[in-house]
Amino acid sequence: MSWTGWAVVVLVAVVGGWMLFDGLHALITGDFVTPAGGTHAGRLGPWADLVSGIGGDPRSLLVKWTFVGYAAAYLISVAAFAAGAVQAWWAVALLAVLGLWYLPFGTVANLVVLVLLLTPSLRIRS
């Protein structure tokens, strides 16, 4: 696999891995990981404002399970992509688009994933 393919795998592993950890943490402890001190103590990231903006509760059970489900799907799709499964390119691309709401890091990382997927060395895998 090319360096661009490995970069996709690493970025998805970081974003998906964190979301899986954070979602499971929220399901087990009752809340997502938040800063313990400073001006942002106890606050969720900017993604929570998007969820609230559409009328959702960022700390709801639905959002916690959404984190876990999305992250699991993303990690499974990138594992299939790394293994060379033909349709996995589309799954990774779709999940990267669906993860753009996860401000700020997820947005940036998923945009990079999408750009990398469109490079000639990876695009031919589709």
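Numbering of residues begins at 1 and proceeds along the displayed sequence.
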Stepwise side chain to side chain contact (heavy atoms under 4.5 Å, CB included) check, Val86 with Phe81: CA-CA 7 Å; Val86 177; Phe81 172 81; over 6 Å; no
Give me the atom names and distance for the closest heavy-atom approach of Leu95 to Tyr70. O-OH, 2.7 Å
Step-by-step side chain to side chain contact (heavy atoms under 4.5 Å, CB included) determination, Val92 to Val8: CA-CA 9 Å; Val92 173; Val8 166; 4.1 Å; yes
Under the salt bridge (charged side-chain N to carboxylate O under 4.0 Å, His left out) test, which residues partner Arg43, sequence neighbours left out? none
Rounded to the nearest 0.5 Å, the CG atom of Leu24 sits from the CG atom of Leu20 at a distance of 4.5 Å
Roughly how far apart are Leu98 CG and Thr66 OG1, rounded to 0.5 Å? 11.5 Å
Mind running ring pair (Phe, Tyr, Trp, His ring centres under 6.0 Å) on Phe32 and Trp47 for me, showing each step along the way? CA-CA 12 Å; Phe32 292 99; Trp47 64 267; 5.5 Å; yes
Would you give the length of the straight line joining atom CD of Gln87 to atom OG of Ser77, rounded to the nearest 0.5 angstrom? 12.5 Å
For Trp18 and Tyr102, which I'm curious about, is there any donor-acceptor pair between the side chains at under 3.5 Å? yes
Let me confirm one number: the CG-NZ distance from Asp31 to Lys64, rounded to the nearest 0.5 Å. 6.5 Å
Given the rule that I, L, V, M, F, W and Y join up when any side-chain heavy atoms are under 4.5 Å apart, are Ile76 and Val97 in one cluster? no
Without swapping roles, check the side chain of His40 against the backbone of Pro35 for a donor-acceptor pair under 3.5 Å. no
In the single-linkage hydrophobic clustering (I, L, V, M, F, W, Y; side-chain heavy atoms under 4.5 Å), do Val78 and Trp90 co-cluster? yes
How long is the gap from OG1 on Thr119 to CH2 on Trp3, to the nearest 0.5 Å? 7.5 Å
CG of Leu27 to CG of Leu61, rounded to nearest 0.5 Å, is 6.0 Å
How close do Leu114 and Ala93 get, counting heavy atoms only, and between which atoms? CD2-O, 3.6 Å
Test Asp57 against Val51 for side chain to side chain contact (heavy atoms under 4.5 Å, CB included), laying out the working first. CA-CA 7 Å; Asp57 175 8; Val51 173; over 6 Å; no
Mind checking whether Val10 and Val15 sit in one hydrophobic cluster, side chains of I, L, V, M, F, W, Y counted as touching below 4.5 Å? yes
Contact summary for Asp22 and Val33, nearest pair of heavy atoms: OD1-N, 2.8 Å
So if you build clusters from Ile, Leu, Val, Met, Phe, Trp, Tyr with side-chain heavy-atom gaps below 4.5 Å, do Leu11 and Leu118 land together? yes
Check whether any side-chain N or O of Thr107 sits under 3.5 Å from a backbone N or O of Leu100 as a donor-acceptor pair, and report yes or no. yes
For Ala13 and Leu75 the tightest heavy-atom approach is CA-CD2, 3.8 Å
Minimum-distance pair of heavy atoms, taken over all atoms of Ser121 and Thr4: OG-OG1, 2.9 Å
Flag yes if more than 12 heavy atoms outside Trp101 fall under 6.0 Å of its CH2 atom; otherwise flag no. yes
Mind checking who shares a hydrophobic cluster with Val115, ILVMFWY linked at side-chain heavy-atom distances under 4.5 Å? none
Could you check Asp49 against Leu103 for side chain to side chain contact (heavy atoms under 4.5 Å, CB included), going step by step and ending with a plain yes or no? CA-CA 9 Å; Asp49 295 332; Leu103 292 165; over 6 Å; no
Nearest heavy-atom pair of Val9 and Met1: which atoms, and what distance? CG2-CE, 4.1 Å
Find out if a path of hydrophobic residues (ILVMFWY) with successive side-chain heavy-atom gaps under 4.5 Å connects Val14 to Val113. yes
Is the closest side-chain heavy-atom distance between Leu116 and Trp6 below 4.5 Å? no
